[in-house]
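Inspection log for the structure reproduced underneath, given as structure tokens.
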Amino acid sequence: MEPQLQHTVADGVATVVISNPAKRNAMTAGMWGALPGLLERLAGDADVRALVLTGAGDTFCAGADISSLRDPGEEAQGLAVRAEEALASFPGPTLAAVRGYCVGGGSQLAAACDLRFAEEGASFGVTPAKLGIVYPASSTRRLVALVGPAAAKYLLFSGELIGTDRALRTGLVDEVLPAGQLAKRVEEFTRVLVSRSQLTQAAAKEFANGRQDRDAHWAEQARGSGDTAEGVAAFLERRAPRFTYKVAGGS
């Protein structure tokens, strides 16, 4: 099977699958290059409320296909950074569902998601020191924001792999599931996500990511959305809310 990014949309959730089984789902230059466009299309789909990124089979992503790094014309690192930034800026909640190896470029993509759920036995590593590569500044800052300076330095300086226990302690993952339970938990949690206010989620994502110039914008959106009134009414009436706010243009 040719290396590719597969995707499906069901019940408000887009699932993007990294598929390159012959190389433990390593990302080729073509896959890096295709991801931003795919994410843009999914962001523009009014039916998509959340996104799950995962790997085919029993591994998430073993990194970048090393053969693509040998040709500077491929601009492999630039392609990876653009893909990472596209994932980080996806308007809805994003969740990396991790089995097996999540290494190098795989960790870069997982860190760009809002949340990371992992199956017991998964391994994480940020490995540019093994190749003499300068890890991108934006990726380094994102890793530091996620796990803190000390844990980020441990990962970057050593290139060593860590297991799910340490990944959970450092904040690299949010939940660890027993073998065979990851898919069920991801399905349950994304069902929760799509039931919540898209207004709240979109504003919270911007604020949590450090944007500081949109307070007035979101206050105006809240006044005109109807979500607050619906949420309060649903609470008082002891029923599930029916939120109607949609992020304009999928962004």
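Quantities reported herein were computed from a predicted structural model and do not represent experimental measurements.
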Stepwise side chain to side chain contact (heavy atoms under 4.5 Å, CB included) test for Leu115 and Phe189: CA-CA 11 Å; Leu115 300 165; Phe189 190 76; 3.5 Å; yes
Verdict with reasoning, Met31 to Ile18, per side chain to side chain contact (heavy atoms under 4.5 Å, CB included): CA-CA 8 Å; Met31 294 164 74; Ile18 303 166; 3.7 Å; yes
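The heavy-atom pair separating Thr170 from Ala151 by the smallest distance is CG2-CB, 4.1 Å. Counting all heavy atoms, side chain and backbone alike, Thr59 lies closest to Gly100 at OG1-C, 3.8 Å. Nearest heavy atom pair, residue Thr54 against residue Ala97, reads OG1-O, 2.8 Å. Across all non-hydrogen atoms, the minimal contact from Pro128 to Leu156 is CG-CD2, 4.0 Å. Here the shortest heavy-atom pairing between Phe124 and Ala118 reads CZ-CB, 3.8 Å. Scanning all heavy atoms of the two residues, the minimum distance from Cys61 to Ala26 falls at SG-CA, 4.4 Å.
Of the options Leu168, Val126, Leu155, a side-chain contact (heavy atoms from CB on, under 4.5 Å) to Ile162 is made by Leu155 and by none of the others. With respect to His7, the side-chain contact (heavy atoms from CB on, under 4.5 Å) criterion is satisfied by exactly one of Leu53, Leu39, Thr15, Leu42: Leu42.
Looking at Asp65 and Trp32, their side chains never come closer than 4.5 Å, going by heavy atoms from C-beta outward. Between Val173 and Thr164, every side-chain heavy-atom pair lies at or beyond the 4.5 Å cut-off. Inter-residue side-chain proximity for Leu35 and Arg82 is flagged as unmet; no heavy-atom pair is nearer than 4.5 Å.
Here the side chain of Asp174 pairs a donor or acceptor atom with the backbone of Arg116 at under 3.5 angstrom. Judged purely by atom type and a 3.5 angstrom limit, Asn25 uses its side chain to pair as donor or acceptor with the backbone of Ala56. With hydrogens and angles ignored, the 3.5 Å screen pairs no side-chain donor or acceptor of Gln108 with any backbone N or O of Ala83. Checking side-chain atoms of Asn20 against main-chain N and O of Met27 turns up no donor-acceptor pair under 3.5 Å. A donor-acceptor distance shorter than 3.5 angstrom exists from the side chain of Glu230 to the backbone of Arg242, with no hydrogens or angles considered. For the pair Glu119 (side chain) and Gly180 (backbone), a donor-acceptor distance under 3.5 Å is present.
The number of heavy-atom neighbours closer than 6.0 Å to CD of Glu2, taken from other residues, nucleotides and ligands shown, is 12 or below. Glu237 CD: more than 12 foreign heavy atoms inside a 6.0 Å radius. Atom CG of Asn209 has more than 12 heavy atoms from other residues, nucleotides or ligands within 6.0 Å. Within a 6.0 Å radius of CD in Glu40, other residues, nucleotides and ligands contribute 12 heavy atoms or fewer. Within a 6.0 Å sphere centred on CZ of Phe117, other residues, nucleotides and ligands contribute more than 12 heavy atoms. Atom CZ of Arg24 is surrounded by 12 or fewer heavy atoms from other residues, nucleotides or ligands within 6.0 Å.
No chain of hydrophobic side-chain contacts below 4.5 Å, direct or via other Ile, Leu, Val, Met, Phe, Trp or Tyr residues, connects Leu109 to Tyr101. Cluster annotation: Val147 is not connected to Leu161 through the hydrophobic network of ILVMFWY side chains, with a link wherever side-chain heavy atoms come within less than 4.5 Å. Put simply, Leu143 and Val103 are part of two different groups of oily side chains (I, L, V, M, F, W, Y) that touch within less than 4.5 Å, one to the next. In this structure, Leu51 is not a member of the same hydrophobic cluster as Val186, with clusters built from ILVMFWY side-chain heavy atoms closer than 4.5 Å. Hydrophobic clustering places Val48 together with Leu38 (ILVMFWY residues linked when any side-chain heavy atoms are closer than 4.5 Å, directly or through intermediates).
Going from atom CG of Leu172 over to atom OG of Ser107 covers 6.0 Å, rounded to the nearest 0.5 Å. Between the CG atom of Asp58 and the CZ atom of Arg99 there is a distance of 9.0 Å, given to the nearest 0.5 Å.
Under the 3.5 Å distance criterion, with hydrogens and angles disregarded, no donor-acceptor pair is assigned to the side chains of Ser138 and Glu84.
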Compile the donor-acceptor pairs under 3.5 Å between side chains in residues 86-95 and protein atoms, sequence neighbours left out, one pair per line.
from, atom 1, to, atom 2, distance (Å)
Ser89, OG, Glu85, O, 3.0
Ser89, OG, Ala86, O, 3.3
Thr94, OG1, Asp114, N, 2.8
Thr94, OG1, Asp114, OD2, 3.1

Output side-chain donor-acceptor pairs under 3.5 Å for residues 193-200, partner residues at least two apart or in another chain, one line each.
from, atom 1, to, atom 2, distance (Å)
Ser195, OG, Val192, O, 2.7
Ser197, OG, Leu199, N, 3.2
Ser197, OG, Thr200, N, 3.2
Ser197, OG, Thr200, OG1, 3.4
Ser197, OG, Asp227, OD2, 2.8
Gln198, OE1, Arg49, NE, 3.4

What pairs of donor and acceptor atoms, side-chain ones from residues 214-223 against any protein atom, are under 3.5 angstrom apart with sequence neighbours left out?
from, atom 1, to, atom 2, distance (Å)
Arg214, NE, Glu206, OE1, 2.9
Arg214, NE, Glu206, OE2, 3.4
Arg214, NH2, Glu206, OE2, 3.0
Trp218, NE1, Glu206, OE1, 2.9
Gln221, OE1, Tyr245, OH, 2.7

